[in-house]
J.: 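Encoded as structure tokens, here's the structure I'll be asking about.
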Amino acid sequence: MRELTYAQAINEALLQNMERDQRVFLMGEDIGKYGGIFQVTAGLLDRFGPDRVMDTPLSEAGFVGAAVGAAMTGMRPVVEVMFIDFTTVCMDMIVNQMAKIHYMFGGRGKVPMVLRTNIGAGRGAAAQHSQSFHAFFVHIPGLMVVTPSCPYDAKGLLNTAIQEENPVLFVEHKKLYATKGPVPEEFYTIPFGRAEIRRRGRDITIVATHEMVNRALRVAEDFSREGVELEIIDPRTLRPLDQETILDSVRKTGRLIVADEGTVTCGIQAEIAALAAEEAVQYLQAPVLRVGSPDTPVPFSPPLEQMYIPDEEDIRAAVERLRAYL
Amino acid sequence: MRELTYAQAINEALLQNMERDQRVFLMGEDIGKYGGIFQVTAGLLDRFGPDRVMDTPLSEAGFVGAAVGAAMTGMRPVVEVMFIDFTTVCMDMIVNQMAKIHYMFGGRGKVPMVLRTNIGAGRGAAAQHSQSFHAFFVHIPGLMVVTPSCPYDAKGLLNTAIQEENPVLFVEHKKLYATKGPVPEEFYTIPFGRAEIRRRGRDITIVATHEMVNRALRVAEDFSREGVELEIIDPRTLRPLDQETILDSVRKTGRLIVADEGTVTCGIQAEIAALAAEEAVQYLQAPVLRVGSPDTPVPFSPPLEQMYIPDEEDIRAAVERLRAYL
Amino acid sequence: MELSRHQLLSLYTTMVRIRLFEERVQDLYARGLIPGLAHLYVGQEAVAAGVCGQLEPQDYITSTHRGHGHVIAKGAELRYMMAELFGKKTGYCKGKGGSMHIADVSIGILGANGIAGGGIPIAVGAALSSKLRGTDQVTVCFFGDGSSNNGVFHEGLNLASVRRLPVVFVCENNFYGISVSQKQHQLIEDISVRSIAYGMPGVTVDGNDVVAVFQEAGKAIRRARAGEGPTLLECKTYRWRGHHEGDPNQGRRYRSMEEVQKWMERCPIKRLEQTLVAKRVASRKGLQEIWERVRGEMEAAVQYAQESPFPEAQDLYEDVYV
Amino acid sequence: MELSRHQLLSLYTTMVRIRLFEERVQDLYARGLIPGLAHLYVGQEAVAAGVCGQLEPQDYITSTHRGHGHVIAKGAELRYMMAELFGKKTGYCKGKGGSMHIADVSIGILGANGIAGGGIPIAVGAALSSKLRGTDQVTVCFFGDGSSNNGVFHEGLNLASVRRLPVVFVCENNFYGISVSQKQHQLIEDISVRSIAYGMPGVTVDGNDVVAVFQEAGKAIRRARAGEGPTLLECKTYRWRGHHEGDPNQGRRYRSMEEVQKWMERCPIKRLEQTLVAKRVASRKGLQEIWERVRGEMEAAVQYAQESPFPEAQDLYEDVYV
Ligand SMILES: Cc1ncc(C[n+]2csc(CCOP(=O)(O)OP(=O)(O)O)c2C)c(N)n1
Ligand SMILES: Cc1ncc(C[n+]2csc(CCOP(=O)(O)OP(=O)(O)O)c2C)c(N)n1
Ligand SMILES: [Mg+2]
Ligand SMILES: [Mg+2]
């Protein structure tokens, strides 16, 4: 199959949706002539013109709120917030408006929009351009939160997101933008709430998101050679979360590691660990371990930043710890 | 000892700090002539004048950011954000500035300020005035998060918060404002990171925050009569969190319930459950249960809102479930 | 342009409906029958009536925490409103929203909003949407003087101006944001000057003169509909009641009773009444009949609300997602 | 008021230091020696030099993502800056902040900021603080045209105006926010008109004329110091490089090379040079010596940075809390 990068896959999903559905349009900062800071929207302005690919002023609350209003009145906006760090300047629009309107209005009115943004450190962009606090959006009822880990999923999940009637936080990962993978040319969707088992194994379950999936897969190869078989589950959407697939695996292996790039305290890792402690405690044969970023802001200096990012070493260390319980 | 309400206890802490330390001043909406929407700052304008008790324009990002700048330059601002729901309009100032400046600047500069706000449903104020998403602030390294559950703690913890060199989110609880309790007249502090064991018991550990503490205590009385002894731990500060006290109790009882008024998914409950699953899994004799608000926005209608609020019934149901494991 | 008899009576009736609705709420609230928060619109009726009097059914509005007047003027049904305030299942939001969140997208009401200023970007988006869909719908965005200091005011007006969107920003300057007077919260006198920052026209009008509001709003709305872009329309008015029911002594903590009194003498309804009678558009008796009729409607609305059931347990979990 | 020889040469030297620092960064970045993001200030030197030339050491500034010029002009040491850009432990932020977060509170630099506009409320707070502490410190708040559309601009300026705070808001209008031209992001031409919204004076000045900037900034700063309140000072200028190093072809995606060329001809340093020579304040040779001396400083700074150690592992966990 043809290969695309993660960024290209997202670009293609945007393009195909805009072709199929006149209601779909894009707003964001520097998504037009510039093509988006990560080139995700490159070429779309030329193709669809400035009414459907809108470069906005530097006003996240303004344009995210405008997307809410447009979505309520018949459009299907897809907005780009350049970095998840900047969702803080439009948090009211996300948390109090976008997420709650359908409920608050007793089902009158809906907000079918997608907010695309990205997480992840590793580009030397320091504490205000490198965060991964997507767990907060999972904490807010009314939102759906999507975390594609490969080009194929990026396209399929974004197609689903744009067709979805509910507001979706589509959380991309900076490190993945340039990674390649097979992506069908045709339009396809991937249902929300269905995890993908990326690797089967009997010994330890690793629930991993985004780039942590790839990191975990690499670690799994090494351990496999030593006879330890890791099962790697990619939830793909964090809300809705495919609890059953995760729990089935935990019940089978009795050992769980959760790996996500967010800081550990009150992160996604905690949610999935708590799920296991609540629904499968009697199967747990070892401590549930969490792999994630340390509880510090993201440092700039490359050696510190490399230490900061949860990587193969961190996963390996967790697996080693659980080995004692095999 | 003299009794004060929770609101009065906070008021007294503000007053005593303003008397002791000229650097302390207050900003917020309607905290002056009006005395604060919950009357927490009543009388302070008259006492200290409009330079130290400032009614601000409706501009949370403006005045919370101004507090950051004032704190960096030698003052000790205490700001009030009327409802935690409104922290969404100043989230950048909290998450990207206040929390990160000390680290981002490599230790040059500090932000000794307190942001007071409140959580909790129950006043028929609906989805945008009743939230309890304090877990998000616990997710952000650089902040300290305080959750007083009684008048005594409110005063002592606020005293500590105002003397603290780091930025503190001081999370009050609406339902508690009117509750009374003994409060010493003199100035006293309560150290951060020390949980209080509100009740000792051998069978089940309940970690509870804010009003959930009182609810749990009432439930504990009932169960005690039936021979089931609950141990109730109030962390008092969620960051720093007194992990040892919690874990010691879990190791003793082998059963854990976490009760907080936030929505359950990715909440504080998850963090503490994950802690137990990581550090004390071999002691767990039963599922770790989470009591909190359901995953819905806060509804207006009184019967729905009553159902929404996690109460004695919810705690009781959790205890009943764990009883099977005694 | 002179208003027709029909137009004048229609403005009058709208104001009476708002006034009586709010008085009814005040009473029910005092008796503990309405829970939660109620921010009443009494005294400001001319703004909602005058502005919405210029709107078509398919036009949009965004409203505020003090929104009863706006939604009544836009055509909301009193009984569904009242049922909502009671928290009943038959209310506009099935009892889930309450006073601060009344919405009916089908008649263009995109919702009251508990976040002061929160409706501004939403209104801009609705206007963008109608422009993209090629309709001639106009959006009116209501907000107060206090909210004109919120950052979203700035972002919303700028965005609307660069895109020349069909939206009218109606700032109801009632001189207070809760307890903070306009003098304390901004140095300018006319909020309409803020339009300059966006290269947008700005107008200030006497918000207690429903005819003046109607006429100025008409110009702005026609301008928007013609594709000429947004306008900032400031209406100076006053709220008679406290910030919300429960604000002690109607705000005695921060304003004098003389000030309140002075403004009550400028009652927008009385003012129109005098014109109507003087110009012989209606007789005192004819006007009295309007009050009676509306009182009847109000009775029916309250009865409807009271007889309606509360939501059931499982409703709590519904409507989180479509 | 005529500037003294000393003042003129000092402004000149500051601009040269900024220019050479940025050119050095450009080169080091291209060679992969500086990681992360670098937003260069080349072309805008007159603004930082002119404004900060009026400040006392105890005065404050808040800076932006494009902050090297501001902090150099405020007195930051080049070697600590350079070490910070390299991510070294000896840098201003121990390598934790990088280009976008240089700060030194002890000399009044309250930090560059990665959030466009994020420094505005912080500057307002610093000004509030000096007012409360009874000092005569002034705060200067730098930000760009793009950032003037962020809601915090509105909230910050309004708050400063109602409290009459000693702060000068310096908007560097370089006609672009990344790729979006001013025409696309706001309908107004002079951003200084936005001061009207806050009852604040607003001035526009040629931001490539360092003497003009120095004089206008002087007025605003004296006004602030005298307790007469804030000013919005717009300086029109232009960035020569792309938005950040790595922006292809210095921004060819969104601007013409003719436009860039036109502005390069208005080089603020050359302009001052001509005046200095014409007025015989300095000889070409004397000016050349300044460049040489600053080149030497730059060499030393780079060497310092290169020879400095990276932070160690445990540094990651330090400085989260005091
Ligand atoms: C972002 C935000 N901050 C604070 C509040 C609390 N609050 C509710 S209404 C109000 C004052 C609003 O004043 P104005 O806009 O003039 O409207 P009015 O009440 O006068 O109609 C405030 C501060 C809020 N709802 N939202
Ligand atoms: C809140 C926020 N939104 C978006 C960005 C991304 N961004 C960085 S610089 C910039 C443009 C800023 O333009 P301007 O203020 O004119 O400064 P200039 O780059 O021209 O110096 C943008 C959009 C940001 N840093 N912060
Ligand atoms: Mg008002
Ligand atoms: Mg610019």
Side-chain angles (χ1 to χ4, degrees), chain A residues 61 85-97 99-100 103-104 126-128 131 133 135-142 238-239 241 256 258 262-282 284-290 294-297 299-300, chain B residues 61 85-97 99-100 103-104 126-128 131 133 135-142 238-239 241 256 258 262-282 284-290 294-297 299-300:
Chain A
D85 313 67
F86 307 164
T87 61
T88 54
V89 296
C90 51
M91 203 54 105
D92 168 56
M93 289 298 141
I94 300 172
V95 166
N96 290 331
Q97 316 293 344
K100 295 187 172 43
Y103 189 88
M104 232 163 31
Q128 295 173 335
Q131 290 172 86
F133 55 65
F136 181 47
F137 299 116
V138 181
H139 188 47
I140 301 296
L238 296 178
R239 196 189 276 254
L241 179 68
L256 174 63
V258 191
T263 51
V264 162
T265 305
C266 273
I268 290 298
Q269 302 96 327
E271 176 57 31
I272 293 173
L275 177 70
E278 191 156 357
E279 301 294 342
V281 73
Q282 65 275 37
L284 291 178
Q285 297 171 37
V288 177
L289 299 185
R290 298 184 268 171
D295 270 356
T296 78
F300 161 70
Chain B
D85 314 66
F86 306 163
T87 61
T88 54
V89 296
C90 50
M91 203 54 105
D92 168 55
M93 289 298 141
I94 301 173
V95 166
N96 291 331
Q97 316 292 344
K100 295 186 172 45
Y103 188 88
M104 230 162 35
Q128 296 173 335
Q131 291 171 83
F133 56 65
F136 181 47
F137 299 115
V138 183
H139 188 46
I140 301 297
L238 296 178
R239 195 190 275 253
L241 179 67
L256 174 63
V258 192
T263 52
V264 162
T265 304
C266 273
I268 289 298
Q269 302 95 327
E271 175 58 29
I272 293 173
L275 177 69
E278 191 155 357
E279 301 293 341
V281 73
Q282 66 275 37
L284 291 178
Q285 297 172 36
V288 177
L289 299 185
R290 297 184 268 172
D295 270 355
T296 77
F300 162 70

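These figures come from a predicted structure and were not determined experimentally. Letters A, B, ... mirror the listed sequences (proteins, then strands); counts begin at 1.
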J.: Can you list, pair by pair, the side-chain donor-acceptor contacts under 3.5 Å of residues 271-280 of chain A, counting residues two or more places apart and other chains?
T.:
| unit_1 | atom_1 | unit_2 | atom_2 | d |
| --- | --- | --- | --- | --- |
| A/Glu271 | OE1 | B/Cys266 | N | 2.6 |
| A/Glu271 | OE1 | B/Arg290 | NH1 | 2.8 |
| A/Glu271 | OE2 | B/Arg290 | NH1 | 3.4 |
| A/Glu271 | OE2 | B/Arg290 | NH2 | 3.3 |
| A/Glu278 | OE1 | B/Arg290 | NE | 3.0 |

J.: Check each atom of A/Ala286 against the heavy atoms of chain B and say whether the ones under 4.5 Å are side chain, backbone, both or neither.
T.: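 Backbone only.
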J.: Relative to the ring of B/Phe133, is the ring of A/Phe136 parallel (under 30°), tilted (30 to 60°) or perpendicular (over 60°)?
T.: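 Geometry flag for B/Phe133 against A/Phe136: perpendicular rings.
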J.: Flag the one option from A/Pro287, A/Pro297, A/Ala270 with the top tally of heavy-atom pairs under 4.5 Å to chain B.
T.: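 Ranked by heavy-atom pairs under 4.5 Å with chain B, first place is A/Pro297.
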J.: In terms of heavy-atom proximity below 4.5 Å to chain A, should B/Val264 be classed as side chain, backbone, both, or neither?
T.: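 B/Val264 touches chain A through backbone heavy atoms alone.
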J.: Side chain of B/Asp85, backbone of A/Asn96: donor and acceptor closer than 3.5 Å?
T.: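 No.
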J.: Can you tell which of B/Gln282, B/Gln269, B/Arg239, B/Met104 has the highest number of heavy-atom pairs within less than 4.5 Å of chain A?
T.: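 With the most close heavy-atom pairs to chain A, the winner is B/Arg239.
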J.: For B/Phe137, check ring-ring contact (aromatic ring centres under 6.0 Å, His included) against everything at least two apart and list the hits.
T.: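 Residues passing ring-ring contact (aromatic ring centres under 6.0 Å, His included) with B/Phe137: none at all.
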J.: Identify which part of A/Val281 has an atom lying under 4.5 Å from any heavy atom of chain B, answering side chain, backbone, both or neither.
T.: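 It is the side chain, since no backbone atom gets that close.
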J.: In terms of heavy-atom pairs under 4.5 Å with chain B, which of A/Ala126, A/Ala135, A/Gly262, A/Pro294 leads?
T.: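 The candidate making the most pairs under 4.5 Å is A/Ala135.
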J.: Can you say whether A/Gln285 sits under 4.5 Å from chain B via the side chain, the backbone, both, or neither, judging by heavy atoms?
T.: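 Neither part.
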J.: Output the option from A/Thr263, A/Ile268, A/Val89 having the highest count of non-hydrogen pairs under 4.5 Å with chain B.
T.: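 Counting heavy-atom pairs under 4.5 Å, the top option is A/Thr263.
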J.: Among B/Gly142, B/Gly267, B/Cys90, which residue has the highest count of heavy-atom pairs closer than 4.5 Å to chain A?
T.: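 Going by pairs under 4.5 Å, I would pick B/Gly267.
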